[in-house]
Amino acid sequence: MKSDTKPSVCVVGLGYIGLPTAAVIARAGCTVLGLDVTQSVVDTINRGEIHIEEVDLDGLVRGVVARGLLSASTQVAPADVFVIAVPTPFDKDHAPDISYVLAAGRTIAPVLKTGDVVILESTSPVGTTEQLRDLIAGLRPDLKVPGLTHETPDIAIAYCPERVLPGRILEELTNNDRSIGGITPRCARKALAFYKRFVRGACVTTDARSAEMTKLVENAYRDVNIAFANELSMVSDAMGLDVWEVIRLANRHPRVNILTPGPGVGGHCIAVDPWFIVHGAPDQTPLIRTARGVNDGKMHHVVAKAEALIEAHPEAKVACLGLAFKANIDDFRESPARFITSRLVRRFGDRISVVEPYAAELPIEFTDTGVAQIDIDEALEACDIFIVLVDHDVFKVVPLAERADKLVYDTRGIWPDQPRVVREEEARLKLVG
Ligand code: SAJ
């Protein structure tokens with residue numbers, strides 16, 4: 001592939017990362033084939049539509065499909081660059097599952113040709129890119145692969161994780177710095193040349209294993225720091241302190257930046273990726289493992305505290321605010337709010353109503369429970385107890401005048417002006433030591 005021509009690209013996996021990535025690469029003028037195993041996903045994209053929610057993605061996909069720069073298929077075809085963005089879940093023992101990555105390798109191996117670049121983007125345990133390389137070497141003994149030949153390899157293989165935030169994916173795909181880890185420095189250079197076509201952030205080259213670990217470290221760092229905030233919130237409950245006040249004051253220190261307590265850690269990244277490190281070095285990761293335990297334990301703390309509050313007011317109607325795993329998005333995967341609400345519904349039935357503006361309907365576990373999905377105004381009319389589980393903007397803007405008489409358990413600190421009467425209530429309920 002000569003450097004002045006735009007490479008043809010095949011993006012394997014059209015999910016939350018793959019589809020935006022394919023669309024951004026197409027917008028840069030490359031011809032992109034999106035590959036997915038699900039025919040309905042392929043058909044949706046070929047209609048210029050999308051199957052996931054992400055700000056501005058619909059307009060971008062419609063445009064690049066209309067211009068013939070992006071198309072989707074279940075069948076692989078030759079390309080100059082292959083970007084693998086498939087899921088890497090973990091199993092019940094928190095062991096990473098790279099079967100989708102290896103399946104993608106088996107899919108593209110037959111069509112690889114001299115000069116091609118293979119880039120793995122999926123969050124992966126350290127050493128996965130080398131396993132992908134070995135798989136390709138086994139399937140294509142005719143190709144000289146990097147790291148296994150003393151001659152110039154026929155193809156380049158690299159690892160380049162994304163670090164985008166849902167809700168800001170298109171902006172961050174372009175502007176975030178990226179780590180580009182080559183199996184060899186030549187591989188890193190080939191991948192760098194590709195990313196420079198659409199990435200404005202700094203593209204920092206390194207080796208594949210360091211790039212794999214970088215991604216895991218970024219998310220483990222965040223999980224440990226969220227765990228510190230969550231532990232503070234549980235300590236403050238035990239001591240009858242206002243954790244929001246304590247954090248607000250502590251963060252005025254020039255070198256202290258305590259994150260925000262919540263009802264636990266959701267999503268398929270922060271709650272998952274640290275386990276990849278723990279699984280790789282089980283005896284050297286007590287802190288990372290413990291942080292996971294603190295964040296998962298916070299969900300149970302919230303359930304217990306909410307149950308005590310609700311039990312103490314048998315006549316009260318309860319509104320659970322939010323089911324999403326974080327603010328202002330419609331992603332409910334691994335959501336602490338969803339877990340907590342389902343536990344409260346199991347205990348209190350239709351005394352519980354759910355306010356989730358980003359859900360067209362309640363998730364399946366609420367079917368046949370008699371639980372109503374209402375909006376915030378209906379909740380303010382009908383409910384006495386508010387369990388705030390997600391910091392959606394639409395909840396934040398409720399003025400004190402409309403909620404002053406409510407009993408509020410605010411796990412997100414969205415209403416710092418809520419009267420302290422609730423604190424005394426907690427003392428009466430023996431929620432505080
Ligand atoms: N959370 C808190 N308190 C905080 C921050 C977050 O309770 O102070 C909770 C959130 O409510 C949510 C969970 O943690 O339940 C994760 O939220 P998040 O804002 O950390 O974000 P994700 O999972 O959407 O995105 C993270 C980001 N990683 C980092 O910030 C280091 C993003 O940059 C990554 O690309 C993404 O993981 C990923 O895909 O790996």
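Here the structure is a predicted model, which is why all the values come from computation and not from measurement. Start at 1 and go down the list; that is how both ligands and their atoms are numbered.
- In this structure, the side chains of K326 and D331 stay at 4.5 Å or more apart for every pair of heavy atoms.
- Between I226 and ligand 1, not a single N/O pair is under 3.5 Å apart.
- T129 OG1 to I119 CD1: the interatomic distance, rounded to the nearest 0.5 Å, is 11.0 Å.
- In this structure, the protein non-hydrogen atom closest to atom 39 (O) of ligand 1 is C269 SG, 2.9 Å.
- Closest to atom 12 (C) of ligand 1 among all protein heavy atoms lies F325 O, 3.3 Å.
- Residue-to-ligand polar distances place K215 within reach of ligand 1: an N/O pair is separated by less than 3.5 Å.
- Separation of the Y16 and H51 ring centroids does not fall under the 6.0 Å cut-off.
- In terms of N/O distances under 3.5 Å, ligand 1 is not approached by P336.
- Considering only non-hydrogen protein atoms, atom 23 (O) of ligand 1 sits nearest to I270 CG1, 3.6 Å.
- Checked against a 6.0 Å centroid threshold, the rings of F276 and H279 do not count as neighbours.
- Between H268 and ligand 1 there is no heavy-atom distance shorter than 4.0 Å.
- Near P166, with a cut-off below 4.0 Å to any heavy atom, the atoms of ligand 1 are 24 (O).
- Looking only at heavy atoms of the protein, atom 4 (C) of ligand 1 is closest to T260 O, 3.5 Å.
- Proximity of G267 to ligand 1 is not established, as no heavy-atom distance is less than 4.0 Å.
- Residues R200 and E171 are not paired through a salt bridge, judged by the lack of any N-O separation under 4.0 Å between the basic side chain and the carboxylate.
- Under 4.0 Å from ligand 1, the heavy atoms of V164 that appear belong solely to its backbone.
- For ligand 1, none of its N or O atoms has an N or O atom of E172 under 3.5 Å away.
- Heavy-atom separations between T123 and ligand 1 are all 4.0 Å or longer.
- Shown in contact with E162 at under 4.0 Å from a heavy atom are these atoms of ligand 1, numbered in order with element: 35 (O), 39 (O).
- Only the side chain of R412 comes within 4.0 Å of ligand 1, counting heavy atoms alone; its backbone N, CA, C and O stay farther away.
- E245 has a carboxylate O that lies under 4.0 Å from a charged side-chain N of R248, or vice versa, which qualifies the two as a salt bridge.
- The residue among E218, R168, K326 with a heavy atom at the shortest distance from atom 24 (O) of ligand 1 is K326.
- Salt-bridge check for R47 with D43: failed, with every basic side-chain N at 4.0 Å or more from each acidic carboxylate O.
- Note on D56 versus R168: no salt bridge recorded, every NZ/NE/NH1/NH2 to OD/OE distance being 4.0 Å or above.
- Put simply, the side chain of R351 gets close to the backbone of A316: a donor and an acceptor are under 3.5 Å apart.
- At the shortest separation from atom 30 (O) of ligand 1 among protein heavy atoms lies R222 CD, 3.1 Å.
- In this structure, Q131 contributes its side chain and L102 its backbone to no donor-acceptor pair below 3.5 Å.
- A donor atom on one side chain and an acceptor atom on the other are not found under 3.5 Å apart for T31 and K6.
- When only modelled atom types and interatomic distance are considered, H301 and N230 share no side-chain donor-acceptor pair under 3.5 Å.
- Among protein heavy atoms, the minimum distance from atom 28 (N) of ligand 1 is reached at N219 OD1, 2.9 Å.
- For atom 25 (O) of ligand 1, the nearest non-hydrogen atom of the protein is L165 CD1, 3.5 Å.
- Taking distance alone, with nitrogen or oxygen atoms compared against 3.5 Å, R163 approaches ligand 1 more closely than that limit.
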